[in-house]
Asks: 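Next up is a structure, given as structure tokens.
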Amino acid sequence: MNQDQLKQLVGRAALDYVPAGQILGVGTGSTVDCFIDALAASGIAIPGAVSSSERSTQRLIKHGIPVLNATEVERLAVYIDGADEIDGQGFMVKGGGAALTREKIVADLADQFVCIADESKLVQTLGKFPLPVEIVPMAAAQLARRFAKLGGEARLRAGVVTDNGGHILDVTGLSITDPLAFEAEVSQWPGVVTVGVFARHKASVCLLGGADGVKTLKF
Ligand code: 5RP
């Protein structure tokens, strides 16, 4: 199976976690696109979804699934999203699709984070994938200096403006051995909107697609 087929496989597997009759949190990315298509085809009735991006919103609407504003919802039972990296404890790097801020907001509403990914995303230590950080543009140079002190090299993602009007720094060269401490530290640097380490909002479950099918990792 190629990577696209694995994404379709885990997208379908995630249907088992959709709470019928309840509002669902929906993430962003190519794996989530597969999930949204599978959800639409499944006939599972949900009253609507809270979406983490304009991209997912458009896809949900195209399938006739109502999209609710996050401000209208107090809690979600389940949030389903992909990841750029996930480790053996459920800590993740996210934001390859520049949707990390809204993803963390929707994840914060949810009791359970179901991560869907192909097996290439499973890592020992987070940091090989360039870490996305949504920032306020005027802080870019100072934040790059701060990351350099941690051994990272920050580059502005050219031509990208997020759904919130922010910019994205992609930071290479990091080895994130303590995701909780790293997230707590970087999150309080002035000009950081959201860091793409999801440690406090880690996965509860990961459906990992590989040659032998879907493995379920519980954290
Ligand atoms: C978007 C994300 C995605 O979940 C992440 O980039 C994985 O995407 P894909 O499913 O396309 O590999 O965090 O901001």
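Atoms within each ligand, like the ligands themselves, are counted from 1 in listed order. Values in this document were obtained by computation on a predicted structure and should not be read as measured data.
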Asks: Suppose I only count heavy atoms of Ala98 and a 4.0 Å limit; which atoms of ligand 1 are within that range?
Replies: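 Every atom of ligand 1 under 4.0 Å from some heavy atom of Ala98: 14 (O).
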Asks: Determine whether Leu15 and Val205 fall in the same hydrophobic cluster, where Ile, Leu, Val, Met, Phe, Trp and Tyr are linked whenever their side-chain heavy atoms lie under 4.5 Å apart.
Replies: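 Leu15 and Val205: one cluster.
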Asks: Is it true that, when you exclude Gln124 itself, more than 12 heavy atoms of the residues, nucleotides or ligands shown sit nearer than 6.0 Å to its CD?
Replies: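 Incorrect, the count does not exceed 12.
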Asks: Can you pull out the closest protein heavy atom to atom 10 (O) of ligand 1? Residue, atom name and distance to 0.1 Å, please.
Replies: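 Protein heavy atom with the smallest distance to atom 10 (O) of ligand 1: Thr31 OG1, 2.5 Å.
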Asks: Please say which of Val10, Leu24, Leu207, Asp81 ends up in a side chain to side chain contact (heavy atoms under 4.5 Å, CB included) with Phe35.
Replies: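 Going through the options one by one, the only one that passes is Leu24.
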Asks: Take a 6.0 Å sphere around CG of Asp212 and say whether it holds more than 12 heavy atoms from other residues, nucleotides or ligands.
Replies: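 Atom CG in Asp212 is not packed in, count stays at 12 or less.
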Asks: Side chains of Thr125 and Ser175: do they bring a donor and an acceptor to under 3.5 Å?
Replies: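 The answer is no; no qualifying pair exists.
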Asks: Check each of Lys121, Lys94, Glu103 against atom 14 (O) of ligand 1 and report the one with the nearest heavy atom.
Replies: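 Considering heavy atoms of Lys121, Lys94, Glu103, the nearest to atom 14 (O) of ligand 1 sits in Glu103.
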Asks: Taking the six-membered ring of Phe113, is the NZ or CZ of Lys202 close enough (under 6.0 Å from the centre) and on axis enough (within 45°)?
Replies: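 Judged by the rule (NZ or CZ under 6.0 Å from the ring centre, within 45° of its axis), Lys202 is not positioned above Phe113.
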Asks: Thinking salt bridges, do Arg157 and Asp170 make one under a 4.0 Å N-O criterion?
Replies: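 So Arg157 pairs with Asp170 through a salt bridge.
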Asks: With heavy atoms under 4.0 Å as the rule, classify the contact between Ser53 and ligand 1 as side chain, backbone, both or neither.
Replies: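 Ser53 to ligand 1: no contact under 4.0 Å from either part.
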Asks: Please tell me whether Thr194 and Thr101 have a donor and an acceptor in their side chains that are separated by less than 3.5 angstrom.
Replies: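 Yes.
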Asks: Could you identify the single nearest non-hydrogen protein atom to atom 13 (O) of ligand 1 and state the distance to 0.1 Å?
Replies: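 Going by distance alone, atom 13 (O) of ligand 1 is nearest to Gly95 N, 2.8 Å.
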Asks: Please lay out, stage by stage, how Gln142 and Arg146 fare under the test side-chain contact (heavy atoms from CB on, under 4.5 Å).
Replies: CA-CA 6 Å; Gln142 170 65 356; Arg146 282 186 176 270; 4.0 Å; yes
Asks: In the protein, what heavy atom is nearest to atom 5 (C) of ligand 1, and what distance, to one decimal place, separates them?
Replies: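 For this ligand atom, the closest protein heavy atom is Asp84 OD1, 3.2 Å.
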Asks: Would you check whether Ala83 reaches within less than 4.0 Å of ligand 1, judged by its heavy atoms?
Replies: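 Checking ligand 1 against Ala83, which is what was asked, there is a heavy-atom contact under 4.0 Å.
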Asks: Which atoms of ligand 1 are found less than 4.0 Å from any heavy atom of Gly82?
Replies: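 So the answer, numbered in order with elements, is 4 (O).
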Asks: Just which atoms of ligand 1 are under 4.0 Å from any heavy atom in Gly96?
Replies: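 Close to Gly96: 6 (O), 13 (O), 14 (O).
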Asks: With heavy atoms of Thr28 as the reference, note each atom of ligand 1 found under 4.0 Å away.
Replies: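 Going through ligand 1 atom by atom, the ones under 4.0 Å from Thr28 are 1 (C), 2 (C), 3 (C), 4 (O).
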Asks: Only one of Leu180, Val197, Ile86 clears side chain to side chain contact (heavy atoms under 4.5 Å, CB included) with Phe91; which?
Replies: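 With Phe91 as partner, Leu180, Val197, Ile86 yield a single side chain to side chain contact (heavy atoms under 4.5 Å, CB included), made by Leu180.
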Asks: Within the 4.0 Å heavy-atom shell around Asp81, which atoms of ligand 1 are there?
Replies: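 Close to Asp81: 4 (O).
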Asks: Identify, by atom number and element, the atoms of ligand 1 in contact range of Gly29, meaning under 4.0 Å from any of its heavy atoms.
Replies: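 Matching atoms, with element in brackets: 11 (O).
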Asks: Give the numbers and elements of all ligand 1 atoms closer than 4.0 Å to a heavy atom of Ala99.
Replies: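 Selected atoms, number and element: 14 (O).
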Asks: Would you mind listing which atoms of ligand 1 come within a distance below 4.0 Å of any non-hydrogen atom of Lys7?
Replies: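 In order of numbering, the contacting atoms are 12 (O).
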Asks: Return the residue, atom name and 0.1 Å-rounded distance of the protein heavy atom closest to atom 9 (P) of ligand 1.
Replies: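 Atom 9 (P) of ligand 1 sits closest to the protein heavy atom Ser30 OG, 3.3 Å.
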